[in-house]
Amino acid sequence: MTRALGPRASLWHSNAGGGWLVLVACWAPIVGLWIVWLAAKLCAFATGGVVMSFGADFAIALARGQTNVTWPGTSTPLVLLTLVLLITALAMGVWRVWRRIAERFPQPGDPVAALADNPGLAVLGPDATADKAIALRRSLTKAARERLMPDDIGLVLGNALLPGDRSGPTLFASFEDTVVAFMAPRSGKTTTQSVPHVLSAPGPVIATSNKADLWSAIATVRAERTGGKIWLFDPQHVTYQPQAWWWNPLAGLSTVEDAHRLAGHFVLTVDDGQKKDLWGPAAQDLLCALFLAAANSGRSLHHVAQWLDEPAVPTPIELLQEAGFQLMASSLKGTQNGAVETRDGIYQTARTAAKALRDQEILAWVTPDRGLPVFDPDAFATSCDTLYLLSKSLSAAAPLIAALTDTTMRAAERRAEQAGGRLDPPLIVALDEAANICRIADLPQLYSHLGSRGIIPVTILQSYEQGVTVWGEPGMAALWGAATRKVIGAGIDSPRLVRDLATLIGQHDVPIRSITYTDGRTSEQISLRRQEILEAADIRALPTGTALLLATGTRPALIRLRPWYSGPHAAAIKQAIKTADTAIADAARRHYHRDDHPPMP
Ligand SMILES: Nc1ncnc2c1ncn2[C@@H]1O[C@H](COP(=O)(O)OP(=O)(O)O)[C@@H](O)[C@H]1O
Ligand SMILES: [Mg+2]
């Protein structure tokens with residue numbers, strides 16, 4: 001990091017230097033003597049002795065070592081001990097005051113000071129956010145701003161970072177913002193983003209995760225706070241909890257567009273880029289036709305799985321014709337009767353995309369079974385419930401997580417339209433590990449209007465490139481552009497992103513002092529150098545717990561993130577984690593015994 005020395009005039013080279021030296025030399029002995037006298041006075045006060053009055057006689061007597069004259073009747077070792085304590089306390093006090101003063105006068109070139117000097121941040125502060133919440137949320141119209149709790153007005157992003165490692169005001173994302181966060185693994189995605197946002201949400205929440213940590217930490221704590229239900233979607237036994245409900249992806253699937261969207265979630269998870277490019281669109285059309293045939297004939301995803309294994313069976317074509325989807329029927333007929341290599345390529349890609357439908361344990365969550373209650377996205381949108389969608393990274397269940405998230409968001413959008421435009425309380429969609437387990441194809445496009453519907457997406461990625469692998473360059477650029485709050489945390493190793501961020505953060509003038517020695521004389525010049533407030537290397541090395549915040553309409557800010565373990569619910573969450581971890585361990589043991597596998601160590 002390039003740091004300027006600053007323009008401070010050196011004491012030795014200025015005219016004032018000598019004067020200060022004389023002043024200090026004159027006063028130091030007097031102050032020192034007075035401290036000794038004060039120590040003696042304190043001891044005398046405590047032991048009932050007396051002390052000479054402070055003055056020249058005291059100094060002379062002390063210099064001669066006549067302690068029986070300076071403090072008769074008071075123990076000299078006690079005076080010395082008091083003196084040491086007094087000097088220590090005084091030094092600590094002076095140091096603290098000096099630190100406080102120094103903090104107020106940061107070094108020239110200090111990026112924290114440069115970014116903290118930003119009046120535009122007021123629009124992210126508590127007052128402006130509360131005003132916005134009152135304007136956005138019908139239920140708060142009559143509320144007094146001062147009485148609103150932080151949870152009612154927005155999502156806490158962190159605190160502005162001030163010079164001297166101090167924290168400034170709390171900064172929020174309002175309930176019409178859209179958020180994207182980038183952080184490396186173990187840099188606080190779950191602890192500073194998912195957990196606090198899900199916990200503070202005043203309404204329904206969709207939260208994705210590839211680990212049990214989110215559910216363990218807050219499922220019960222949040223349910224107790226809001227009284228809402230916990231909907232845990234865990235087909236891969238991340239938590240080993242039993243299935244308590246099911247969801248029908250085919251429910252209400254009556255248009256080609258809806259079926260196409262559902263098929264898109266499956267195709268987007270095909271890892272083989274070449275195959276995806278070549279056969280992806282046709283595989284999506286095929287899945288679309290099969291979903292539509294099943295949905296409109298009272299069949300389930302079981303049948304779709306069967307039809308995928310039998311490319312020649314005419315049943316889905318007949319069902320589409322019966323349901324009035326003539327064009328889809330002829331499209332499917334064309335696929336089935338096409339060249340064998342083409343047909344096999346399309347069917348094989350569709351089977352790869354829909355591998356979830358060949359896994360009985362995953363299929364159980366999306367096909368009617370065992371009299372379990374069915375999840376209703378419409379009812380969810382107006383509840384205070386929480387939908388936890390768990391799946392191991394890049395697993396077969398990922399398309400179902402994306403589909404369930406998408407369906408629920410669209411149900412919420414419909415509700416918002418019926419409620420006059422906005423959902424109140426808003427729906428928070430915390431997509432942790434979005435690129436691995438919740439690939440929604442048109443998420444970048446959704447970003448441009450979700451906020452205005454009271455649906456607040458928080459997409460959490462490990463890096464910009466991770467987003468590019470899912471949505472492509474234009475898609476990721478659209479997501480970046482449409483997110484009104486961008487949080488860039490620790491461990492960003494993308495050279496392009498850090499360079500771009502350095503440019504976006506901007507430059508400032510830094511005074512540079514240079515000293516030259518010629519002919520035994522020194523001379524000092526101060527010049528201004530224009531340099532980046534934060535260089536790319538500084539951004540890459542942002543410490544864990546801090547982040548850059550790029551908010552629309554204001555200059556970038558450095559913030560201190562607020563992990564749950566330093567928040568007000570830390571004790572309750574720690575207890576919940578303990579209980580949940582025990583429950584997971586017990587359930588895992590039962591699971592392995594049931595399957596006749598050796599128990600976990
Ligand atoms: N209760 C806790 N107290 C202190 N540190 C914690 C606690 N829980 C997690 N951490 C630390 O917080 C860091 C970020 O964790 P996490 O948010 O889970 O990372 P990720 O970005 O992979 O989601 C990790 O280094 C972890 O050790
Ligand atoms: Mg995590």
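In this text the structure is predicted, and so the values were computed from the model without any measurement. We count ligands from 1, going down the list as the structure has it; atoms in each ligand are counted the same way.
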[X]/[Y] ion pair, N-O < 4.0 Å:
{"X": "Arg485", "Y": "Asp177", "value": "yes"}
{"X": "Lys211", "Y": "Glu433", "value": "no"}
{"X": "Arg261", "Y": "Asp258", "value": "no"}

Please confirm whether [X] comes within less than 3.5 Å of ligand 1 when only nitrogen or oxygen atoms on both sides are compared.
{"X": "Lys574", "result": "no"}
{"X": "Gly188", "result": "yes"}
{"X": "Thr190", "result": "yes"}
{"X": "Arg186", "result": "yes"}
{"X": "Asp432", "result": "no"}
{"X": "Thr192", "result": "no"}

Do Trp231 and Trp245 make the cut of ring centroids closer than 6.0 angstrom?
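Yes, the ring of Trp231 comes within the 6.0 Å limit of the ring of Trp245, centre to centre.
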List ligand 1 atoms under 4.0 Å from Trp564, heavy atoms only on the residue side.
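Answer for ligand 1: 1 (N).
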Considering only heavy atoms of Ala184, which atoms of ligand 1 have at least one such atom less than 4.0 Å away?
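Here the atoms of ligand 1 in question are 21 (O).
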Please report which non-hydrogen protein atom sits nearest to [atom], along with the residue it belongs to and the distance in Å to one decimal place.
{"atom": "atom 21 (O) of ligand 1", "value": "Lys189 N, 2.8 Å"}
{"atom": "atom 9 (C) of ligand 1", "value": "Thr191 CG2, 3.7 Å"}
{"atom": "atom 6 (C) of ligand 1", "value": "Tyr565 CE2, 3.2 Å"}

Please say whether more than 12 non-hydrogen atoms of neighbouring residues, nucleotides or ligands are located less than 6.0 Å from NZ in Lys229.
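At most 12 heavy atoms, drawn from other residues, nucleotides or ligands, come within 6.0 Å of this atom.
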Quiz question: by atom type and distance under 3.5 Å, do the side chains of Asp424 and Ser139 form a donor-acceptor pair?
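Note: Asp424 and Ser139 side chains meet the donor-acceptor criterion.
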Using 0.5 Å steps for rounding, measure from the CD atom of Glu473 to the CH2 atom of Trp480.
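So the CD of Glu473 and the CH2 of Trp480 are separated by 12.5 Å.
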Nearest 0.5 Å please: distance from the CD atom of Gln575 over to the NZ atom of Lys578.
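One finds 5.5 Å between CD of Gln575 and NZ of Lys578.
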May I have the step-by-step check of salt bridge (charged side-chain N to carboxylate O under 4.0 Å, His left out) for Arg410 and Asp406, ending in yes or no?
CA-CA 6 Å; Arg410 281 185 306 128; Asp406 187 36; 3.7 Å; yes
Please determine if the Mg ion (ligand 2) has an N/O/S atom from Thr190 lying under 2.8 Å away.
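Checking the Mg ion (ligand 2) against Thr190, an N, O or S atom does fall under 2.8 Å.
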Please state whether Ser194 comes within less than 4.0 angstrom of ligand 1, counting heavy atoms only.
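Contact absent.
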